[in-house]
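For reference, the structure discussed in these notes is given below.
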Amino acid sequence: MKTLQVAKFANIPIKIHWSFGAFILLFVGYGLSIKMNGSDLIWFLAFIASMFLCVIMHEYGHALSARRYGVKTIDIIISPIGGIARLERLPEKPIQELIVAIAGPLVNVVIGLALCLVLYLINQDLTFLINEENPFDQLNSVNGFLVLLIWTNAVLFLFNLIPAFPMDGGRILRALLSMRLGRVKGTQWAALIGRILAVGFIGFAVFSKDYMLIFIGIFVFVMAGAENNQVIIESILDKAIVNDIMKTEFSKIHISEPLRTMFDKYIRGGEKNYLIFDSMDNISGVIPELFLKQASKDNILDSTTANEYMSPKILRVTKDVTLKNLFEKMNKEGIAIAAIIEDNDLIGVVDRSMLQNYLKLHIGKR
Ligand SMILES: [Zn+2]
């Protein structure tokens, strides 16, 4: 993802997706096209900035509550459609997931109430909140600005509580169901409820010709399935360990060998990912399938040695690690093949294709 880090708070980088810049420009363009004057435009941009500050604080609600359970947050990404706190993993105890999921929307409640208090302190009155005039027209006043920001937080709160993945409400529902049904069944039910809601959404949206809502409905429908698959995959991988699938026979490629050696094996249906060794028989790097394909496209298979092209990222694990644990490590670091080590000796390898084969075999059996 093309992102730009703009700040770091509590050791979590805040990144902005490039499309967010385009979004701001679009608004400035819109403002100028309807002949918004300079000060109105500044109020308007200040409002957008405040709105995204609320979104960032919402994400920090998730991130900081996850930290309490030892779950790190990789980063927080802000895009025009909202924020995402990318957690390293989800906490597994349902009660923890519940608290992490609910912490985000609760931040919006706190912000909303605090702003209500400010509004009250300024005016000794809260009737502005239900003013019938369009608040967008009064954005260029402190009251209009506060009212719109309070409503924004109310919408953020309610929208996120829709009980369908990937909204927080979907996770809250899954956590509640998991307490009684276990994680896999809980997720299946939550996904089903999310899909029924999505179909309802789409039906209503088609009926009212609201194309934005149709789009959201389809998105929710697809995401519900994705979440469901994810949990099924995790539960399968959690039941096996590296020893069950590792290959003890594999090619040892020397750093001086050309990429052609590996590519030829790969093309003939051999291994897809390779460990590279130096003359002392130590692993010095990795050449994954993706690299081989690229090298073939660039026509450098014969002119390039393994040493010049390999990735230095080496993942070493022991054979008693669960496949789920291995899978998470490989995903996090973007690694295609792991070296299995016992008493300092290399005893085997596991790569992505072996994990995929294992999944294929077991998904059907469920
Ligand atoms: Zn959230």
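For ligands, and for the atoms within them, numbers begin at 1 and follow the listed sequence. Bear in mind that the values here come from a model prediction, so they are computed numbers and not experimental data. Any value given below was found using the heavy atoms of this structure, including those in side chains, with hydrogens, waters and symmetry copies removed.
Taking backbone and side chain together, Glu59 holds no N, O or S atom under 2.8 Å from the Zn ion (ligand 1).
With respect to the Zn ion (ligand 1), His58 has NE2 as its nearest N, O or S atom.
Paired with Phe250 under the rule side-chain contact (heavy atoms from CB on, under 4.5 Å), one option of Leu346, Val350, Asp351 passes, and it is Leu346.
Under the 3.5 Å distance criterion, with hydrogens and angles disregarded, a donor-acceptor pair is assigned to the side chains of Asn331 and Arg352.
The hydrophobic cluster containing Leu115 does not contain Leu117, counting ILVMFWY residues as joined when their side-chain heavy atoms lie under 4.5 angstrom apart, directly or transitively.
Rounded to 10°, the angle formed at the Zn ion (ligand 1) by Asp168 OD1 and His62 NE2 is 90°.
The structure places CD1 of Ile14 at 4.5 Å from CD1 of Ile56, a figure rounded to the nearest 0.5 Å.
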